[in-house]
Number of protein chains: 2
Amino acid sequence: MSTSPLDASVAQGRPITPGSTRPSPATELKAIALEQFALVGFGATSLQAIADTAGYSKSSVLYHFASKEALLEAVLGPAIDRLGRVLAAFTPAGDARMDRDAFVEAFVDFLLEHRLEVHIFINQGQSMRGTPVIDRANELIAELTASLFAADSTTQERIRFGVALGGAAYTLVAGMTFAGDALGPPDEIRFALIQVVSELLSPAPLPRLAETGDADSATG
Amino acid sequence: MSTSPLDASVAQGRPITPGSTRPSPATELKAIALEQFALVGFGATSLQAIADTAGYSKSSVLYHFASKEALLEAVLGPAIDRLGRVLAAFTPAGDARMDRDAFVEAFVDFLLEHRLEVHIFINQGQSMRGTPVIDRANELIAELTASLFAADSTTQERIRFGVALGGAAYTLVAGMTFAGDALGPPDEIRFALIQVVSELLSPAPLPRLAETGDADSATG
DNA sequence: ACAGTATCTGACCGATCGGTCAGATACTGT
DNA sequence: ACAGTATCTGACCGATCGGTCAGATACTGT
């Protein structure tokens, strides 16, 4: 009995096994909340469900986070901070198109690291307007759009940008989280994403794609 | 007072103004439910909210639809039927790649017509497994994947397919529904989508744009 | 040993959830 | 005019929602 590591140890609120230092309750709760918010949505996730999964009481969740919305802030905040930093590094002043290739790489790495957070505010951002952390994310997306495209951008360009953003977010969550590793090895996923996002953000197909060949796709 | 057409007329359950024949209550409820399910999610949408928006009581909603899940079935069913027909027309037997350009056009038209439904089962399909209508949609997506790609498809191809599917669904909802007409005129959107989806589903960039003799390493 | 603090919990709150049901009302064909 | 049916509603149900609070327990520095 009590095969689950969550049962006996965490139920008391502190790690018992001295060897593997269990993450703090707040960290654990944030991780569970992140997954649930992305999977079933913020509105459809109950604090009770989060507490049950973590092995705590609902009161404990509300001890660590003042409210459900505060928990959302804590969950999304770091990812949005990081997005802000990625954007700031590539839009220093008025000069928008600095080093687009490097930007795409940094952006894809951001997506890979924070795919669940991105999925949340991509797919639920519109219905959560008013929540500070969501508004901040929406502002950053608007900033990103503005820095990538001039004011006279075409429908074509806007569509390609939207497809790149939403497509990457969807693929990462649906493919990596839900479908397991059916999508491919992580390094291949990263390479393919960088390529397809670059392609989508460029007015024409990548110019130097000609001789790249396979790169490292054969190395498993 | 009572400027809203919903107020006086529908509150009694039947259209009063004889000129403009109001849609049936069931149709109206489905339209409102569709929007809410897509906007805030199925789990976060209450029957009361749907009823209030339509100007009916919650009991009336449950008179027309036996349950919340039955309402979801009624909302998504037609779109999934249509998707099934689109797929059936282009995968008659084992021959998968019939006329890919025509298929992409039909598929994009399907996306344009049922963007909210697609958004629902793209973004909430994983958390609604077990619901018959959602399972049916997931099967169709799997069938689509199988008909587009051989069993030995590369990571690159799978990523591109996912980006096309998720990206188109996201762009149509976020761009057209939430951002109004900021994306562009409908015919331009359609044209741009057909082009970008075609490009993503092709193993190599569009042949006309560059003379890259590479063919992307996928053609093995 | 002891006081102070951090953490966790059950009991409880009003509000809302999906759903049931009896009855009121409107429409129908005769 | 009348019976039958379709439609709509309020009252009500148990369950669950996010959140509060007093008190139990564990840990801390002294």
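Nothing here was measured: the structure is a model prediction, and the numbers come from that model. Letters A, B, ... mirror the listed sequences (proteins, then strands); counts begin at 1.
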**Message:** Strictly below 4.0 Å: does A/Y63 bring a side-chain N or O up to OP1 or OP2 of C/dC8?
**Reply:**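 Checking A/Y63 against C/dC8: no side-chain N or O falls below 4.0 Å of OP1 or OP2.
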**Asked** Counting only side-chain N and O atoms of B/H64, is one of them less than 4.0 Å from OP1 or OP2 of D/dC8?
**Response** yes
**Request:** Scan residues 58-76 of chain B for pairs that pass salt bridge (charged side-chain N to carboxylate O under 4.0 Å, His left out), counting only residues two or more places apart or in two chains.
**Result:** none
**Asked** So how far off straight is the helix from C/dA1-D/dT30 to C/dT30-D/dA1, going by the axes through five pairs at either end, to 10°?
**Response** 20°
Please table the atom pairs, donor to acceptor, closer than 3.5 Å between any side-chain atom in residues 79-89 of chain B and protein atoms at least two apart or in another chain.
| from | atom 1 | to | atom 2 | distance (Å) |
| --- | --- | --- | --- | --- |
| B/D81 | OD1 | B/R136 | NH2 | 2.3 |
| B/R82 | NH1 | B/E113 | OE1 | 2.3 |
| B/R82 | NH1 | B/E113 | OE2 | 3.4 |

**ring pair (Phe, Tyr, Trp, His ring centres under 6.0 Å) involving B/H114 - partner list, sequence neighbours excluded** =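 Result, ring pair (Phe, Tyr, Trp, His ring centres under 6.0 Å) vs B/H114: B/F110.
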**Prompt:** If the sugar-phosphate is the primed atoms plus P, OP1 and OP2 and the base is the rest, what is the B/S/- string for nucleotides 10-22 of chain C, using protein heavy atoms under 4.0 Å?
**Reply:** BB-----SBBB--
Donor-acceptor pairs are to be reported for all side-chain atoms of residues 37-51 of chain B against protein atoms at under 3.5 Å, with residues two or more places apart or in another chain.
| from | atom 1 | to | atom 2 | distance (Å) |
| --- | --- | --- | --- | --- |
| B/T45 | OG1 | B/Q36 | O | 3.3 |
| B/T45 | OG1 | B/G41 | O | 2.6 |
| B/S46 | OG | B/A49 | N | 3.0 |
| B/Q48 | NE2 | B/D52 | OD1 | 3.0 |

**Item:** Any pair counted as ring-ring contact (aromatic ring centres under 6.0 Å, His included), so long as it reaches residues 125-145 of chain A, sequence neighbours left out
**Value:**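 Of all non-adjacent pairs touching residues 125-145 of chain A, none passes ring-ring contact (aromatic ring centres under 6.0 Å, His included).
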**Item:** Non-neighbouring partners of B/D101 that pass salt bridge (charged side-chain N to carboxylate O under 4.0 Å, His left out), sequence neighbours left out
**Value:**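 Once residues adjacent in sequence are excluded, B/D101 has no partner under the salt bridge (charged side-chain N to carboxylate O under 4.0 Å, His left out) criterion.
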**Asked** Who pairs with A/D109 by salt bridge (charged side-chain N to carboxylate O under 4.0 Å, His left out), at least two apart in sequence or on another chain?
**Response**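 By the salt bridge (charged side-chain N to carboxylate O under 4.0 Å, His left out) rule, A/D109 matches A/R190.
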**Request:** Report yes if some heavy atom in the side chain of A/I120 is under 4.5 Å from a heavy atom in the side chain of A/L34; otherwise report no.
**Result:**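 Touching, per the 4.5 Å side-chain cut-off.
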